[in-house]
Amino acid sequence: MPKAPMAGHEIRQTFLRFFEQRGHRLVPSGPLVPEGDPTLLFANAGMVQFKRLFLGEEKRGYVRATTSQKCMRVSGKHNDLENVGRTPRHHTFFEMLGNFSFGDYFKQQAIEYAWELVTGPLGLSPERLVVTVFRDDEDAHRIWRDGIGLPAERVFHLGEDDNFWAMGDTGPCGPCSEIYVDYGKKPHCTNADCNPSCDCGRYLEFWNLVFMQFNRDASGKMTPLPKPSIDTGAGLERLAAVVQGVGSNYETDLFRGILARAQELSGVALGSDPEKDVSLRVVADHARAVTFLVGDGVLPSNEGRGYVLRRILRRAARHGVLLGVERPFLYGVADAVIDEMGDAYPDLAERRAYIADRIAREEERFLETLSKGLALLEEEIREVRARRSGTLSGEVVFKLYDTFGFPLDLTEDILRGHGLTVDQAGFDAAMGEQRGRARAAWKGSGEKAVGEIYGRLASVHSTRFLGYESLELENPLRAIVRDGAEVESARKGDAVEIVTEETPFYAESGGQVGDRGEIRTAGGRITVEDTQRPVEGLIVHRGRVVEGEVRVGEGAKLQVDAEARAATVRNHSGTHLLHAALRRVLGPQAMQKGSLVSNERLRFDFTHDAPLSEQEIERIEDLANQWIESNAPARIRVLPYKQAIAEGAIAIFEEKYGDEVRVISFGDFSTELCGGVHARASGDIGLLKVLGETGIASGVRRIEALTGAGALLHLRQQERTLERVAALLKSPVGEAPARLEKLLEANRALEKELEKLRTERRGAASGDLVSQARDVAGVRVLAARADDADGADLRGMVDDLRQKLRSGIVLLAAEAEGRVTLALGVTPDLVGRFKAGALIRELAEIVGGKGGGKPDFAQAGGRDAAKIPEAFERLMALVEQGA
Ligand code: ATP
Ligand code: MG
């Protein structure tokens, strides 16, 4: 009987075990969102978590490693989004198996290991395999031919595109050698010398062996790495297709359950229609991607990683519509993903409900506008066709984006199906215009006039920020704005906004508040309360003239409030440490959602499901303070934007950054893209104290903290409060809690005692009252005043009296501080005839108030105590009438 093919998870196991047995450390997958590398959106290969090891910037206790790495290829240098569903071998999310040598073994050993594994434990027949090597890599050629014994016609030399690997445009790189399966000549292939670079489908690449030798910089220059290294990557899904002998990744067991769920939920079977098959595969692929993204802490948003998630999810939702599903369903497919992968990735299983919930919400949100957007798009497509044009106008594409939430690539995807394209320039222009409008309506001034002023000022002036290096400098006043208009001068008392060409004042951005300080001229002085950047390139100092007069053109001395700035700096660097500590303690899904850094405090919002426990908060505080104690110097690098991205980063909303980006790191524990001002070393922060933690939206928590002198002050105040408490308790601080507990206990005993006495007194009082009951038309009615009693007492007394009367109606009235309280009870035998609630409503009116209650008991309040006797009379009358 033929052996059952190896299952996907067995292939993963076999691969990792093979290398473990050969001295490789089994390292867990790095997170999808790379840690400490703000320039890269997602891990796109196994080597990402080892980048610094290749560069020789970091050493670990091993020189060989093996991993199964979660990868995404949806942006940047490696972007396969458009291939997904259309080729049998591309995914957005996939797992990359790899083995790594950090300056240990090189080419020969790497090739031998790979060959041994694929032809041995993985059971591929050697005759079906071919390999490629880089152009002039004779070494590699020789190893394959002489060492392994592959015939020369099965070793192909290819160029840079195929056989030179790099994570991004800069960073570690080198020539590579790839292993392919040869599926035999394709009848449709017209390529005379078809080779592995041909896309006819004859050859399937499944394993890439990279001979890491260089570090490429932004200018393209390559410097040799400290030691030649090995980085290999084999897609698990492709390996599974090859090992299981199926024609496509989607036919492997890794996708079986997921596709089954997609078919079940859509009611469409695979094989019924080729286009529907594409949709089913896209849905299956995207369900894996969104499951892992949400699992790693990414939430749908309008920028960065969150936008990638949104785009993938909306694309999947639209394919759902193509399958005839117009309700949220992807979350159900995600559930099948977790069934499939939960063993290998236990966090997914733990977060199952959360993941489903997040996906379903985003699906719901998009479905609200999806069908309207699609209707608009269809109509536009008909028009474009009628005009015999091949492109859809940028304005329409923008409208779809802006009003209906269609990401650009979703519209493109739909148009592609009709053989149409997008007017990209028109779309960019419409987007640019919207940004311009948004900028004009800058925060703090909804007024168009002011927006215009700044727009105009910015066209003449631009401000250079020099405040990273200095806190004061001299520079003439270039413009003064008062009451929304440009003026030549301003005098004492005027609220002004000042523009200069250079400034040490930091304008609010990235969560850090604007600097405060002072501007002095020969004839006047301005206190600056805030600094803003209303338009790109223009910094505005807001404040008030407090002395004399200031004029445009005059020389001025600009001076930042150094103390406030120092405190802000501590809080900002503290925020970075807090962020790093949060991620260490809670996991990488704790992602920044926002922050506020002022001189007084810091606030940090992040994604997380549950309130933090006391222990978690303590661990976060401890970690941050350990890093502070280590006094790691800040490393600030300003890289050209291009280079930063080239190092692996792709920003989606590129305009968010200028030409240059700053990367701030402290030691090896914190690295962030940030334009703010920072401490010279972590030790400057002094101390970090978390004040508290709350939820601000579902899945988003907020932490507030203090640093440095602010933290000390807070602790001191706490200490003073405690000392006062202790003094009041007349006990040493340490004994205060025990003392207080005792006191509370004594208090509880006294309350009980008091309650007992009250009950007794009530009993006595009602005993006296019961004799005042009158007989009215055969019903015993008692109406009396009980002025000492409060609400609870009254109720107790009414109960008492009802019992004592056995059958009857009781009305008590109490007067206190001009207000009247009435309480009325009816014994059970009479509730059929007299309803307490109804009676009291009438009585309440008499004393000028309102009331209500149940048939056996009701209460009312009123203002007119003088009418109490009248209310009593009325009750008698009502009973007389039989109510
Ligand atoms: P291709 O040319 O087929 O897109 P690649 O050259 O981009 O592949 P590498 O960057 O060398 O691939 O990645 C190493 C391995 O990772 C590949 O051999 C393949 O097994 C797997 N892989 C790469 N991209 C994908 C993807 N989008 N989906 C699934 N597996 C992939
Ligand atoms: Mg590729």
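Keep in mind that what you see is a predicted model, and the values were worked out from it rather than measured. Each ligand, and each atom within it, is numbered from 1 in the order the structure gives.
- The distance between the ring centers of F366 and F406 falls below 6.0 angstrom.
- Polar contact check, G235 against ligand 1: a nitrogen or oxygen pair lies under 3.5 Å apart.
- In the vicinity of F206, heavy-atom distances shorter than 4.0 Å reach the ligand 1 atoms 18 (O), 20 (O).
- Short contacts between ligand 1 and E178, defined as distances under 4.0 Å to a heavy atom of the residue, involve ligand atoms 6 (O), 11 (O).
- Checked by distance only, ligand 1 and H78 stay at 3.5 Å or farther apart across all their nitrogen or oxygen atoms.
- Centroid-to-centroid, the aromatic rings of F42 and H78 stay 6.0 Å apart or farther.
- Every N/O-N/O distance between E237 and ligand 1 stays at or above 3.5 Å.
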Check against side-chain hydrogen bond (donor to acceptor under 3.5 Å, both in side chains), T232 and N99: CA-CA 6 Å; T232 85; N99 57 292; 2.6 Å; yes

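- Contacts with ligand 1 closer than 4.0 Å are made by side-chain heavy atoms of R238 only, the backbone lying farther away.
- Two rings, from F134 and F211, have their centers 6.0 Å or more apart.
- With a heavy-atom cut-off of 4.0 Å, W165 touches ligand 1 through its side chain alone.
- In this structure, R22 satisfies the cation-pi test against F18, with its NZ or CZ atom closer than 6.0 Å to the six-membered ring centre and inside 45 degrees of the ring normal.
- A side-chain N or O of E95 and one of Y345 form a donor-acceptor pair less than 3.5 Å apart.
- In this structure, R89 counts as a contact residue of ligand 1, since one of its heavy atoms falls inside 4.0 Å of the ligand.
- Under a cutoff of 6.0 Å and an axis angle of 45°, R351 and Y354 form a cation-pi pair.
- For ligand 1, none of its N or O atoms has an N or O atom of A234 under 3.5 Å away.
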